[in-house]
Amino acid sequence: MQLQAESQKLHPDALVQLYELRPPASVQAAVQRFTGSGNGLPLTFQGKVYEPWAIEATGFESRTEGAPARPTLSVSNVAMLPDGRALRGVFTA
């Protein structure tokens with residue numbers, strides 16, 4: 001998917017979803033970047049690579065009063081290795 005070409009259209013016809021997961025400061029882990037959009041290939045946006053993954057975020061809302069509901073993030077726990085083998089327990093590990 002050509003992000004640059006898509007963003008230059010007068011009326012883009014594709015919605016690209018990018019997710020960046022940052023661990024708490026107390027956890028020694030790298031920032032993880034994912035996309036649930038595209039053709040199964042990594043996407044690069046602003047110099048950062050977003051890996052293709054089965055990921056979805058729902059429940060975002062805007063309220064004028066009271067606290068908003070907490071969004072829900074659903075992430076696949078299985079990754080596919082380049083040789084086609086499945087790697088299970090990626091996020092539970």
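In this structure the side chain of Leu43 reaches within 4.5 angstrom of the side chain of Val16, judged on heavy atoms. Contact check for Tyr50 versus Tyr19: no side-chain heavy atoms found under the 4.5 Å cut-off. Contact annotation: the side chain of Leu21 approaches that of Leu73 to within less than 4.5 Å [non-hydrogen atoms, C-beta and beyond]. With a 4.5 Å cut-off on side-chain heavy atoms, Glu20 and Lys48 count as touching.
For Arg85, the salt bridge (charged side-chain N to carboxylate O under 4.0 Å, His left out) criterion is met by Asp83, not counting sequence neighbours.
Distance alone, capped at 3.5 Å, is enough to place a donor-acceptor pair between the Thr35 side chain and the Gln17 backbone. Judged purely by atom type and a 3.5 angstrom limit, Trp53 has no side-chain atom pairing as donor or acceptor with the backbone of Gly36.
The two atoms that bring Pro23 and Ala30 nearest to each other are CD-O, 3.9 Å, heavy atoms only. In terms of heavy atoms, Pro42 sits closest to Val49 at CB-CG1, 3.9 Å.
Here the straight-line distance linking atom CZ of Arg33 with atom CZ of Arg22 works out to 6.5 Å at 0.5 Å rounding.
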